[in-house]
K.L.:
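The structure is given below, and queries will be raised subsequently.
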Amino acid sequence: MTLTPLATVKEGVDALSFDFDDGKLERLTAAAEVAISGYLRTDLAAIYPSGLPADLEQAVIELVKALYEDQETCDRDLLTLPDLVRILLAPYRRFI
């Protein structure tokens, strides 16, 4: 189960009008939340059990969008977070 609602992700990736990719979007959302938790060095589920703050939720959506849109072309360096995601996460990042 993810912290970011599927309907919110679908709106963010412009996929509200169909449901055939729901499973893929749920997996990408879970993967994005794990990646962001690792990047921030914190357990998002433990800190925000009832849902993410708006900026963290938007970071998840933006990462899902990048993964979802690049699934065919793989034009992006997959080892680097998109700039907007890093900007949204900056206030939460821990270096210790």
K.L.:
What do the steps show when you test Asp19 against Lys10 for side chain to side chain contact (heavy atoms under 4.5 Å, CB included), and what is the final call?
P.N.:
CA-CA 9 Å; Asp19 59 3; Lys10 288 181 70 164; 3.9 Å; yes
K.L.:
Give me the atom names and distance for the closest heavy-atom approach of Pro91 to Leu88.
P.N.:
CD-O, 3.6 Å
K.L.:
Under a 3.5 Å distance rule, please check whether Lys65 uses its side chain to pair with a backbone N or O of Asp14 as donor and acceptor.
P.N.:
no
K.L.:
Once rounded to the nearest 0.5 Å, what's the spacing between atom CG of Leu28 and atom OG1 of Thr4?
P.N.:
12.0 Å
K.L.:
So which heavy atom on Leu63 is nearest to which on Pro82, and how close?
P.N.:
CD1-CD, 4.0 Å
K.L.:
Looking at every non-hydrogen atom in both residues, tell me the closest pair between Glu26 and Thr2 and how far apart they are.
P.N.:
O-CG2, 4.1 Å
K.L.:
Run the side chain to side chain contact (heavy atoms under 4.5 Å, CB included) check on Asp55 and Tyr92 step by step: do they pass?
P.N.:
CA-CA 10 Å; Asp55 49 354; Tyr92 298 91; 2.8 Å; yes
K.L.:
For Arg94 and Arg41, work out which heavy atoms get closest and say how close.
P.N.:
O-NH1, 2.9 Å
K.L.:
Can you hop from Val34 to Tyr39 via hydrophobic side chains spaced under 4.5 Å?
P.N.:
no
K.L.:
Output the distance between atom CG (Leu44) and atom CG (Leu3), rounded to the nearest 0.5 Å.
P.N.:
6.5 Å
K.L.:
As an exercise, state the distance from CD of Glu33 to CG of Asp43, rounded to the nearest 0.5 Å.
P.N.:
11.0 Å
K.L.:
How about Val60 and Val64: do any of their side-chain heavy atoms sit closer than 4.5 Å?
P.N.:
yes
K.L.:
Specify the closest pair of heavy atoms between Gly12 and Ile61, including all atoms of both residues, with the distance to one decimal.
P.N.:
CA-CG2, 3.7 Å
K.L.:
Measuring only between side-chain heavy atoms, which start at C-beta, is Leu89 closer than 4.5 Å to Leu81?
P.N.:
yes
K.L.:
Clusters formed by hydrophobic residues whose side-chain heavy atoms approach within less than 4.5 Å: which one holds Ile87, and what are its other members?
P.N.:
none
K.L.:
In chain order, what residues pass the side chain to side chain donor-acceptor pair (under 3.5 Å) check against Gln58, with sequence neighbours excluded?
P.N.:
Glu62
K.L.:
Check whether any side-chain heavy atom of Val13 sits under 4.5 Å from a side-chain heavy atom of Asp21, and report yes or no.
P.N.:
no
K.L.:
So which atom in Tyr48 and which in Leu56 form the shortest heavy-atom distance, rounded to 0.1 Å?
P.N.:
CE1-CD1, 3.6 Å
K.L.:
Please write out which residues are connected to Leu16 in a hydrophobic cluster, directly or through intermediates, given that two of Ile, Leu, Val, Met, Phe, Trp, Tyr count as joined at side-chain heavy-atom separations below 4.5 angstrom.
P.N.:
none
